[in-house]
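Here's the structure, in C-alpha cells; my notes come after.
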Amino acid sequence: MKKTMMLILAAVLTLALAACGKNSGGSAEGGDQSSANTNSELTGSILATGSSALQPLVEEASKTFMDKNKGITVQVQGGGSGTGLTQVAGGQADIGNSDVFASEKLDAAQAKDLVDHQVAVVGMAAVVNPKVNIDNLTKQQLVDIFTGKVTNWKELGGPDQKIQIVNRPASSGTRATFEKYALGMKTEDLQGSIQEDSSGTVKKLIAETPGAIGYLALSYIDDSVKAVKYEGVAPTEDNVANGTYPIWAYEHMYTKGEPKPEVKAFLDYMTSDEVQNGAVKDLGYIPVSKMQVVRDVDGNIKKK
Amino acid sequence: MARSTERQQAKPHLVEEWVGRIYTFLCILLLIVTIFSMVYFVASKGLSTFFVNKVNIADFFTGVKWSPDGVPPLFGALPFIFGSFSTSILAALIAAPMGICASLFMVEIAPKFGRKYLQPVIELLAGIPSVVYGFVGLSVIVPFFRNVFPGQGLGIAAGSVVLAVMILPTITTITTDALAALPSGLKEGSYALGSTRWQTIYRIVLPTTLPALLTGVVLGIARAFGEALAVQMVIGNAPHIPHSLFESTSTLTSAITLSMGNTAMGSAQNNALWTLALILLLMTFVFVFIVRWLERRSKI
C-alpha cells in the first residue's frame with residue numbers, strides 16, 4: 001500500500017513540476033485587484049533580464065511598482081548584458097537590461113527592432129591601490145598602463161612598484177565602457193593581468209594587491225581603494241552630469257518594438273521622479289534627468 | 001507490507017507490476033532523453049565554431065592567443081586547456097596522498113574512532129558550497145601566497161590548493177570504502193605469516209586495492225576539472241599560459257563562467273565558449289571511461 005502511495009505521489013509531483021513550466025504567463029489575474037489602490041487596470045507579467053549591474057535598481061523599482069499595480073508581476077533576472085539583449089531580441093524576455101548599446105553587442109539585423117529606454121547613468125573611475133601615491137592619470141598614461149608599455153609606477157612618478165592590472169573579461173560591458181571613453185581604444189589581455197567579473201572581487205583585489213590598478217563604478221568606490229582623477233577631472237557625480245568627466249555609460253532597458261501597455265507603464269515608472277530621485281540615487285546611479293549632456297552610440301556629446 | 005505473507009488476489013499485483021514497470025521506464029526514458037539532448041545541444045553549439053564561424057580546429061586547440069573581439073578574432077584555447085589540466089592534476093597530487101593516508105588511518109589503524117568521527121568530519125567538507133571555498137581561498141590562500149612567493153598570489157597554485165581541499169572528501173570516501181571492502185582473510189593471512197602492520201599495508205592492502213584507489217583519484221580529478229566558481233575566484237583569469245605557478249591564468253570552466261552571460265547567443269565568441277563546454281563534456285566522458293576500465297581491473 002505504502003509503495004503505491006509513493007508511486008502516485010511521485011507521479012503527481014512530476015506532473016506538477018511539468019505544469020509549472022506552462023502557467024508562467026497570465027497567472028497574475030488574481031481577485032485581489034479590486035481591493036488594491038490601483039491607478040490602472042493593467043494586468044500581466046513582465047520579465048526583465050540581463051545586466052547584473054542594472055539588476056539591483058530594476059529589482060528595487062519593481063517592488064514598489066508591484067505594490068502600486070497589483071495586477072502586474074515583474075520578474076527580474078541577471079545573466080549579463082549579452083543574455084538580456086539576446087533574450088529580448090528573441091522574444092523570450094519583455095525587457096533586456098544592458099550596460100551597452102544594443103548595436104555594440106548584436107548584429108544590425110537583430111538590433112534594429114529594439115527600442116532603447118535609458119533609465120540611469122553609471123559613472124566609472126580608474127582606481128588604484130591606496131599605497132600608490134598617484135592622484136591623476138592622463139588618457140595617454142592609462143593607455144600605456146593597459147597596453148603594457150608602462151609596467152612600473154615609478155615611470156609615472158609613483159613608487160618603485162610593479163603595476164598589477166585588474167581587468168574585466170573582454171566581453172564585459174564595464175570594460176567596453178572604460179576602453180571606449182577612458183582609453184579610446186580596445187586593449188588586449190596582457191600576460192599576468194587579473195580578470196574578474198564581479199565588482200566586489202575587483203575592489204577586494206585592488207585594495208589588497210600592491211601596485212594594483214583597475215576600474216569600478218562610482219557606487220562601489222570606498223576608502224579601501226583610491227579613485228584617481230582623469231585628465232585632472234575628479235570622478236564625481238556632478239562632473240559626470242555636466243559633461244566634464246567622460247567615463248560613464250547609460251543603463252539601458254530594451255524592448256522589442258514598442259512596449260506592451262504594462263511594460264510601458266513599468267518603464268515610465270522607471271523614469272519617473274519617484275524612482276529617479278529615490279532608488280536610482282540610493283543605489284549609487286546617476287539619474288538620467290540630472291544629466292546636462294546626451295551622448296549617442298558613437299560617443300558624440302551634445303548639450304541638452 | 002506486514003501482511004505480505006497472506007495470500008492475496010493476483011490482480012492487484014499485476015497492476016502494481018505494470019505501474020512500477022511503466023513508471024521506472026518513463027524515468028529512465030526521461031533521463032536518457034535529457035542526456036542525449038544535452039550532448040546534442042552542446043555539440044551542435046560547440047561544433048558551429050568550426051563549421052559556421054570557420055575557425056580552424058588545429059588553431060583552436062594549439063593557439064595560445066584568445067582575443068575574441070580582436071581584428072581578426074583569435075580563438076586559441078590552449079591556455080584554458082593547459083590551465084584546467086594543470087590545476088586539476090596538481091590538486092590531485094596534493095589531495096591523493098592525503099586522502100589515501102587518511103583512509104588508511106581510518107580503516108587500518110584506528111577503525112572505531114576513524115569511521116565514527118573522522119569520516120563524517122571529512123564528508124562535511126563535501127557539503128560546503130564552492131563559493132565559500134572560493135571566498136576563503138581569495139581571502140586566505142591568495143594573500144598568503146602573495147606575501148610568501150613572488151607574484152600576485154592568484155594562479156595555478158592557489159587554484160590547486162582550493163581544489164585539493166574540495167576533492168579531498170571524494171577521494172577519502174571512495175578509498176575508505178575500497179579499503180574496508182578488502183576481504184579480511186587477506187590481511188589475516190599476512191599477519192599470520194608474521195608481517196607487521198606496515199608490511200601488510202604496503203605489500204598486501206595497497207597493491208590489491210590500487211584500482212579502487214585510482215578510481216577515487218580519477219573521480220577527484222573529474223570533480224576538480226569541472227569546478228568553476230571557486231577556481232574562477234582564485235586563478236586570476238588571464239587567457240595566457242603562465243610563466244609560474246603564481247601568475248594569473250584561466251581554466252576552461254572559468255573562461256566559460258566569466259564570459260557566457262556577456263556574449264550574445266549565436267555570436268562567434270559565444271559559440272567558442274560552447275566549444276570549451278564541449279571539451280569539458282568530452283573530458284568527463286574520458287574520466288568515466290577510465291573509471292570503468294579501472295573497475296574492470298579490480299582484483300578483489
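Just so we're on the same page: letters track the sequence lines, and every chain starts at 1.
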For [X] against [Y], the heavy-atom pair lying closest together:
X: Glu208(A); Y: Pro143(B); result: OE1-CG, 4.2 Å
X: Thr83(A); Y: Met260(B); result: OG1-O, 4.4 Å
X: Asp189(A); Y: His240(B); result: O-NE2, 2.5 Å
X: Glu188(A); Y: Lys65(B); result: OE1-NZ, 2.9 Å

Non-hydrogen atoms of chain B under 4.5 Å away: do they reach the side chain of [X], the backbone, both or neither?
X: Lys162(A); result: neither
X: Gln164(A); result: side chain
X: Leu205(A); result: side chain
X: Leu106(A); result: side chain
X: Lys105(A); result: both
X: Ser171(A); result: both

**Q.** Greater than 12 external heavy atoms within 6.0 Å of Phe135(B)'s CZ
**A.**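 Count not over threshold, so no.
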Q: Among Cys27(B), Ser139(B), Pro68(B), Ser250(B), single out the residue with the greatest number of heavy-atom pairs under 4.5 Å to chain A.
A: Ser139(B)
